Amino acid sequence: MVISDAEKRIPVVEMLKSGKATGSISTNMANGESLITKRCPGNDVIRSGSLRGQGWKYGSGFVDGIFPVLSPVAHQILNFVRKEVDPNNVWAALDTLPVTHETWDDLINVAVQLRLNKQWDPIALICQWILYKSSFQTDVMCYNLLIDAYGQKSLYKKAEETYVDLLQARCIPTEDTYALLIKAYCACGLLEKAEAAFVDMRKYGLPPSAIVYNAYIDGLMKAGNPQRAIEIFQRMKNDGCQPSTDTYTLLINLHGKVSSVVFGSELFFKSDLLEMPLASQSYMALKLFNEMRSQKCRPDICTYTALVNAFAREGLCEKAEEIFEQMQEDKLEPDVYTYNALMEAYSRAGFPYGAAEIFSLMRHMGCEPDRASYNIMVDAYGRAGLHEDAQAVFNEMKRLGITPTMKSHMLLLCAYSRARNVDKCEEIVNQMSESGLEPDTFVLNSMMHLYGRLGQFEKMEEVLTAMEKGPYGADISTYNILINIYGRAGFFEKMEGIFQSLPTKNLKPDVVTWTSRLGAYSRKKLYARCLEIFEEMIDAGCHPDGGTAKVLLSACSSEDQIEQVTTVIRTMHKGMEVALPA
C-alpha cells in the first residue's frame, strides 16, 4: 500500500480512528508472508516468513539480531504507542484496525522494535489488546512477549497469570515460555517457583533445553546468586544437555565478575563466588573456555570478550592480550567491548599508558570509542595518580558531545580523592548537581571516606547525617567506612558503637565489616581480641576472605601465633582446592 503525502501528514491517532492504518510490511509475492531481516556474521541477509504460530525463539529471534522492517503505518503505530500512556486510548485506537495478516505483522513488528528499545509498558498494552480485546486468534508469541514484559518489570504474578491464561486458551507453551517465566521468577528471588517451572516443562513433553538452562543461569546471575548458577550448570551437564556457546559465555562472565572495595591504603577483594579464592577466578574462566573448545563448541566474540574481561579484572594484562590475539587468529574482529576489556586490563594493572595505546589502536582500526572507553581512560589515569590526565580525558569526552554519566563523574572524583584534593572533589559533586545528577550513596560514601582519611571527622559525620535523613540512605558500605576510619584513628569505642548499631538499621555485617573491625585491633597487636572477633565472625556465618587472613596474621607477634592462625585458615579451606591450569 502506498501512503500519499497528504496521509503522511495525518497524525497517527486520526489514521487509526479513520481505519486508514492498513499498510503492510514487505511481502513475499508468492505466498503473501511478511518478511523480516536478520543481520548475520559476514553481513549476509536472511529472509524468513511470518512469525505467527512459530513462537519466539528466546536467545535468538528478537534477542540476537532480528530487526523488524516497519511499514509506514507500523512506524506511525510505534510513535503513537510510545507517546500515549492511557491504556483505554491505545486500545480504542487499535480497535479501529482491520483484522488482517498485515495488521498482525505490523503489530508484532512494532512489539519487536519496542523490545529492542526495552520499552516494556507499550509492549504489554499491545499484547493485552491482541490477546484479550481483539478478534485475532491467540498466539503463543504474544503470550511470550507479555510474560517477558512483565518479567522485565519484576511483575512475576502478572507473568504467572499470563502463563495460566496461555494454558486455558489451549495454546501449547514453548521452551521459550518457560525460559521467560524462569527468568521472571529468578529476578524476584523465587527459586522454588523457578524449579517448579522445570517440572511443568516435563509435563508438556519439553525436557529443559540449553535455552531454558541459559535463561535460568542468566536469571540467577542477575539476581546475585552465582553459586546457584554454577549448580544449575552442573545439573545441565549431568542431565545430558549440551551447553551452548551462550552457556559457556555466561559462566565465563560469572567467574570474571569480582567486586572490590577500597579503604585507605588497603584493598579488600570480595569474590562473587565466596567459596573460591579470588586469584582462581580468571583461571576458572580459562578452564571453562578450554572445556568449551574440547566440546567442539565454537567461541564467539562475546565469549572472547568475557574471557579478556576475566583477566582484566585481576589486572593480568599479558594474559588478556594473549586471549585478544587468539580471538583475532580465530578470524573474529574485536569490537568496542573487546577493546574496552583490554584497556581495563592495563588500567587495573597500573599501566595507564598501555590503556592509552589500546585506545589509540581502537581508533586506528576504525572502531569508535564509546562513553565506556573514555570512562576507562579516566579511571586508568586516576588509579595511577595522574589526575590532570584524567581531567583532560573527561574534558575531551564533553568536547566531543559525549554526556558524562554519574559513573564518569564518580571516576573523576576518585582520581582527585586519591590525590586528597578535597576542594576539587567538592567542586565535582557540585557540578553533578548542577547537571541534574543528584549524588547517590556511592558518591556520598566516597566523600565521607575522603573526609575521614584526612581526619576531617566533623565533615564526615555531617555527610552521614545527611545520608540518614536524605533520599539516598546509608548502606553497609557507609558503616564499613566509618568502622575502618574510626578503627585506624584508634577510636575503638566509636567503632564498636557503630558495629553494635547495625542490627537496628536492618544491616548485616559483611566480610569487609568484620575485617575492618579486626584491623583496628590488629594494628595494636591485640592478638587475643582479634581471635575473639574472628570467632564471632565465624559464629555469625560470615566466611573470611584473603583480606581477613592477612589482617589476622598481622596481629601476630610470635612464631607460635603465626602457626596457630595459619592452621586455623588451612583447616577452614580444607577440601576447597582449585586446580589451576599449568
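Here the structure is a predicted model, which means the values were calculated and not measured. Numbering of residues begins at 1 and proceeds along the displayed sequence.
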Query raised in the report: Which residues satisfy the ring-ring contact (aromatic ring centres under 6.0 Å, His included) test with F491, sequence neighbours excluded?
Result: F457

**Report entry** Y521: partners by ring-ring contact (aromatic ring centres under 6.0 Å, His included), with sequence neighbours left out
**Finding:** F492

Does any N or O in the side chain of [X] come within less than 3.5 Å of the main-chain N or O of [Y], such that one atom is a donor and the other an acceptor?
| X | Y | result |
| --- | --- | --- |
| T515 | V511 | yes |
| S522 | G519 | no |
| S417 | C414 | no |
| R363 | E368 | no |
| N117 | Q119 | no |
| S501 | I498 | yes |

Determine the minimum heavy-atom distance between [X] and [Y], stating which atoms define it.
| X | Y | value |
| --- | --- | --- |
| I476 | P509 | CD1-CA, 4.2 Å |
| A197 | Y178 | O-CD2, 3.7 Å |
| G487 | A520 | CA-CB, 3.6 Å |
| M432 | P439 | CE-CA, 4.3 Å |
| A149 | W120 | CB-O, 3.8 Å |
| N480 | S516 | O-OG, 4.3 Å |

Query raised in the report: Between R228 and F233, is NZ or CZ placed under 6.0 angstrom from the six-membered ring centre and within 45° of the ring axis?
Result: no

Quick one: does [X]'s side chain get under 4.5 Å of [Y]'s, heavy atoms only?
| X | Y | answer |
| --- | --- | --- |
| R420 | R453 | yes |
| I123 | Q152 | no |
| R348 | E344 | yes |
| T566 | L553 | yes |
| S446 | M410 | yes |
| M447 | E426 | yes |
| F499 | M495 | no |
| Y213 | T247 | no |

Report task. Go through S408 and F394 one step at a time and tell me if the side chain to side chain contact (heavy atoms under 4.5 Å, CB included) criterion holds. Result -> CA-CA 8 Å; S408 309; F394 186 86; 4.0 Å; yes

Report task. Check the pair M362, I358 against side chain to side chain contact (heavy atoms under 4.5 Å, CB included), reporting the backbone distance first and the verdict last. Result -> CA-CA 6 Å; M362 174 167 48; I358 302 300; 5.5 Å; no

Requested in this report: Please work out whether the ring planes of Y353 and Y381 are parallel, tilted or perpendicular, with thresholds of 30° and 60°.
Outcome: perpendicular

Query raised in the report: How are the rings of Y374 and F359 set to each other: parallel, tilted or perpendicular (split at 30° and 60°)?
Result: perpendicular

Inspect the contact between [Y] and [X] and indicate whether a charged nitrogen and a carboxylate oxygen are less than 4.0 angstrom apart.
| X | Y | result |
| --- | --- | --- |
| E160 | K157 | no |
| R517 | E496 | yes |
| E161 | K158 | no |
| K459 | E462 | no |
| K153 | D121 | yes |

Query - Step-by-step side chain to side chain contact (heavy atoms under 4.5 Å, CB included) determination, T513 to Y479 - result: CA-CA 8 Å; T513 320; Y479 296 101; over 6 Å; no

Could you tell me whether the side chains of [X] and [Y] share a donor-acceptor contact shorter than 3.5 Å?
| X | Y | value |
| --- | --- | --- |
| N484 | R488 | yes |
| T567 | E563 | no |
| Q391 | Y416 | yes |
| T478 | D475 | yes |

**Report entry** side chain to side chain donor-acceptor pair (under 3.5 Å) between E195 and Y216, worked out
**Finding:** CA-CA 9 Å; E195 285 290 331; Y216 200 176; 2.9 Å; yes

Query raised in the report: Do D370 and N340 pass the side chain to side chain donor-acceptor pair (under 3.5 Å) test, and can you show the C-alpha distance, the side-chain angles, and the key distance before you say yes or no?
Result: CA-CA 9 Å; D370 61 6; N340 285 349; 3.2 Å; yes

Spacing of [atom1] belonging to [X] relative to [atom2] belonging to [Y], to within rounding of 0.5 Å:
| X | Y | atom1 | atom2 | answer |
| --- | --- | --- | --- | --- |
| T441 | M448 | OG1 | CE | 10.0 Å |
| I323 | L342 | CD1 | CG | 11.0 Å |
| I562 | D560 | CD1 | CG | 9.5 Å |
| E322 | L307 | CD | CG | 9.5 Å |
| C302 | N309 | SG | CG | 11.0 Å |
| K469 | L464 | NZ | CG | 10.5 Å |

Query - D335/T338 under side chain to side chain donor-acceptor pair (under 3.5 Å): CA gap, chis, key distance, verdict - result: CA-CA 5 Å; D335 60 12; T338 319; 2.9 Å; yes

Evaluate whether atom [atom1] of [X] has more than 12 neighbouring non-hydrogen atoms of other residues, nucleotides or ligands under 6.0 angstrom away.
| X | atom1 | answer |
| --- | --- | --- |
| Y337 | OH | no |
| K525 | NZ | yes |
| Q500 | CD | yes |
| Q431 | CD | yes |
| E427 | CD | yes |

Query raised in the report: Who are the salt bridge (charged side-chain N to carboxylate O under 4.0 Å, His left out) partners of E321, not counting sequence neighbours?
Result: none

Query raised in the report: So H255 and Y283, ring-ring contact (aromatic ring centres under 6.0 Å, His included) or not? Walk me through it.
Result: CA-CA 9 Å; H255 283 286; Y283 288 98; over 10 Å; no

Query - Derivation and outcome, side chain to side chain donor-acceptor pair (under 3.5 Å), residues T249 and D246 - result: CA-CA 5 Å; T249 301; D246 288 341; 5.2 Å; no

Query raised in the report: Per the side chain to side chain contact (heavy atoms under 4.5 Å, CB included) rule, which among Q234, Q227, R235 passes with E231?
Result: Q227

